[in-house]
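Computation of the quantities below employed the complete heavy-atom set of this structure, encompassing side-chain atoms and omitting hydrogens, waters and symmetry-equivalent molecules. Computed from a predicted model, the values in this text were never measured in an experiment. Within every chain, numbering begins at 1; the chains are lettered A, B, ... in the order of the sequence lines, protein sequences first and strands thereafter.
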Number of protein chains: 2
Amino acid sequence: MQTRLVEYFLALEREGHFARAAAHCNVSQPTLSAGIVTLETQLGKRLIRRDRKYAGLTAEGEAILPWARQLVAAAEALGQAAETARGPLKGELRLGAIPAAMPAIGCLVAAMQARHPGLNVSIRALTSRQIERDLAAFELDAGLTYLDFEPPAHALSVPLYVERTMLVSAVDGVAVPDPLDWAGLAILPLCLLHQGMQNRRILDARLAERGLALRPLVTADSYVALLGLVQQGRLCSIIPDSHATLLDGLSWARTHAMPQADEGSRVGVIVSDSAPMGPLAQAVLGVARELRLPQGFRTG
Amino acid sequence: MQTRLVEYFLALEREGHFARAAAHCNVSQPTLSAGIVTLETQLGKRLIRRDRKYAGLTAEGEAILPWARQLVAAAEALGQAAETARGPLKGELRLGAIPAAMPAIGCLVAAMQARHPGLNVSIRALTSRQIERDLAAFELDAGLTYLDFEPPAHALSVPLYVERTMLVSAVDGVAVPDPLDWAGLAILPLCLLHQGMQNRRILDARLAERGLALRPLVTADSYVALLGLVQQGRLCSIIPDSHATLLDGLSWARTHAMPQADEGSRVGVIVSDSAPMGPLAQAVLGVARELRLPQGFRTG
DNA sequence: TATGCCTTATAGAGCATAGCTATCAAGGGA
DNA sequence: TCCCTTGATAGCTATGCTCTATAAGGCATA
């Protein structure tokens, strides 16, 4: 069983295109094409549906997909383990983080690189569900996400901090009642994350408990976009307090406590709980356990 | 990364001998020797300590051992998944079972082969600790063992039956008091399993709670050996009631209830809980869940 | 209808590598 | 000293992966 051929298969599944998959694997198109045929011959099944162009996987192809991913992940882990049997880690650490946790990721990455200077880090902003999915598909080494809501199966986690939310408005913008109650919040002109995003789902759930619903005038998928909207003065937004550090120097922004000191949402590092655990995952968990976040991140 | 070379490495680690490892891999000794060198070159580390003969693994070799096992297990699982994407399983199912559970393994295997006619099954009698170790090393697909004592981590289980023990003696052998109490048990001439075996540890623990200890005159590692000793008439033994079915036709044997209806020990199937779960493990769990054991195996 | 492009498969050559047999070198024991 | 065990080396063969070049089928457009 050639790991290389399985990589061809996975690249083809990702790209949906022979030539692009070949380029991604740094081989020629005929090489990848022949490699797929070889793999199909060795396994005794057709994996790809073709009618003059790529047309998805066969049922057998879909069936072996998880095992193919595990195989290349295992090969990768073996190389990592050999390279780092002693001494610092090398290679690339693939991190996924929810947007709300982005302010914290700098601390985590800095701590990782302090411990392992040769390590490259690749950060992707993802939804919590994408993080879960990509961890299972071995396309991420670790994730930074919520620990309490719909926690993924087969995952180990280390809590880092508790996120609370706050309302932010422009100094010369809409008037925010003080103190703010839930009903008052619901009638404010708001811009929020898209409805599918977990942070938004949590917020919606809190209001739904009280029979209220938010009707944001604008939705976006990034807090930077929300802050840009707030800066215009016409809207308010609700953002995690971890972003407060980013707002410290902003003269135009004003923050308000949310209607009720909510219990907060635990945010932490998760890795796939496979046996044995890869060296990268081990390292991330180890660093996360010892991590001390700066002021502005509450731990309980 | 060549799966083949990693198999060479694992075979060498198991056999501790280049030529034997090569024979086990169905290749010549120089081939395996060169394969190890190639693997060491690709990984950039020496894996084997050599001074004119095999002298164990280096630290790096030990470090990558779990990942090497996972890699070949993943390759194996990929082949299995492709072969059995639809239709019955093929290949070899490697089962480990504690001696006490051997009478039940026939039912499990029969049910597996009824569902998957092409499946070969290889059964090994092992201690519960060996089962746990070999599952982690991907050298077993499933185990039949105790579920309640020192359950292994990273394992999924399905309970099958509850094992209770009974005393067995020869009809014309030593007199057994009726009813039997713990103190009376302790002074009987007994033959039992070796002290390290888990069934024996459980029994010893039960007596230790009452300040008693068994001093068997003979110990063995198989119930057949114990029954042979009992047949001589001089000794009694304590065996699981699952063996009662085997004694049904024996005129020379007499069974006695143990001093106290003990709570019994749950026995069931365990598989390694890795993601994704191999097709063999899935099949064993599925069959075990639907398995109906015959009379003589209590389920609660 | 003809042309051109996009996509995948095929052909043939070159090279790397894994396999074999035969043999050698270094210890260890009789 | 001789012989056996153990692993490494040499030389050769065969397999097979990779490349470039090209063919073939479909689709859009002139």
Side-chain angles (χ1 to χ4, degrees), chain A residues 1-58 60-62 68 71-72 75-76 78-79 82, chain B residues 1-58 60-62 64-65 68 71-72 75-76 78-79 82:
Chain A
M1 184 69 49
Q2 291 284 60
T3 303
R4 205 75 207 283
L5 303 184
V6 181
E7 290 177 40
Y8 293 168
F9 171 68
L10 291 180
L12 180 55
E13 190 272 334
R14 272 197 304 273
E15 301 291 329
H17 189 280
F18 277 70
R20 276 202 301 277
H24 197 271
C25 294
N26 297 314
V27 297
S28 69
Q29 172 265 315
T31 297
L32 186 131
S33 197
I36 297 293
V37 172
T38 302
L39 184 63
E40 289 181 325
T41 306
Q42 284 182 1
L43 294 180
K45 305 276 176 181
R46 298 198 56 85
L47 304 175
I48 308 291
R49 279 206 313 271
R50 310 139 151 114
D51 55 334
R52 292 299 119 204
K53 58 184 294 189
Y54 178 83
L57 302 181
T58 64
E60 287 88 358
E62 291 286 353
L71 177 60
V72 302
E76 182 69 24
L78 176 57
Chain B
M1 184 69 48
Q2 291 284 60
T3 303
R4 205 74 207 284
L5 303 184
V6 181
E7 290 177 40
Y8 293 169
F9 171 67
L10 291 180
L12 181 54
E13 190 271 334
R14 273 198 303 273
E15 301 292 328
H17 189 279
F18 277 70
R20 276 201 302 275
H24 196 271
C25 294
N26 297 314
V27 296
S28 68
Q29 173 265 315
T31 296
L32 186 132
S33 199
I36 296 293
V37 172
T38 302
L39 184 63
E40 290 181 324
T41 305
Q42 285 182 0
L43 295 179
K45 305 276 176 180
R46 297 196 60 83
L47 303 174
I48 308 292
R49 278 207 314 270
R50 312 143 152 108
D51 56 333
R52 290 301 120 202
K53 57 184 296 188
Y54 177 83
L57 302 181
T58 64
E60 288 88 359
E62 291 285 354
I64 70 161
L65 201 48
L71 177 60
V72 302
E76 182 69 24
L78 175 58

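Between A:L32 atom CG and C:dA9 atom P the separation is 10 Å, expressed in whole Å. We find that CD of B:Q42 is positioned 12 Å from C1' of C:dA18, with the value rounded to whole Å. Per the geometry, CG belonging to B:L39 stands 14 Å off P belonging to C:dT17, to the nearest Å. Here the P atom of nucleotide D:dC27 and the OH atom of A:Y54 are 19 Å apart, to the nearest Å. One can place NE2 of B:H17 at 11 Å from P of D:dA8, the figure rounded to the nearest angstrom. Rounded to whole angstrom, the span from the CZ atom of A:R46 across to the P atom of C:dT8 amounts to 14 Å. Rounding to whole angstrom units, CD1 of residue A:I48 and P of C:dT7 are separated by 16 Å. Remark: C1' of C:dC6 and NZ of A:K53 are 8 Å apart, rounded to the nearest angstrom.
Taking side-chain N and O atoms only, A:R4 has a distance below 4.0 Å to OP1 or OP2 of D:dT18. A sub-4.0 Å separation between OP1 or OP2 of D:dA8 and a side-chain N or O of B:S33 is present. Contact check, A:S28 against D:dC19: a side-chain N or O comes under 4.0 Å of OP1 or OP2.
Counting non-hydrogen atoms of neighbouring residues, nucleotides and ligands closer than 6.0 angstrom, the NE2 atom of B:H17 exceeds 12 such neighbours.
Side chains of A:Y8 and A:L39 form no contact here, defined as non-hydrogen atoms less than 4.5 Å apart. With a 4.5 Å cut-off on side-chain heavy atoms, A:I36 and A:R50 count as touching. Using a 4.5 Å heavy-atom cutoff, the side chains of B:K45 and B:I64 are not in contact. In this structure the side chain of A:L43 never reaches within 4.5 angstrom of the side chain of A:E60, judged on heavy atoms.
In this structure, the nucleotide among D:dC17, C:dT10, C:dT8 sitting nearest to the side chain of A:T38 is D:dC17. Of all nucleotides listed (C:dA18, D:dG7, D:dA21), D:dG7 comes nearest to the side chain of B:Q29. Side-chain proximity of A:V27 to D:dC19, C:dG19, D:dA8: nearest is D:dC19. Counting only heavy atoms from C-beta on, B:T31 has its side chain closest to C:dC20 among D:dT18, C:dC20, D:dT6. Closest to the B:F18 side chain, of the nucleotides C:dT21, D:dG7, C:dA9, is D:dG7. Closest to the side chain of A:R50, from the set D:dA10, C:dG19, C:dA9, is C:dA9.
Here A:V37 lies out of heavy-atom contact (under 4.0 Å) with every strand.
Each of B:N26 and A:A19 has a nearest nucleotide on DNA chain C; the 5'-most of these lies closest to A:A19. Residues B:G16 and A:Y8 both approach DNA chain D. Their nearest nucleotides, taken by heavy-atom distance, put B:G16 toward the 5′ side.
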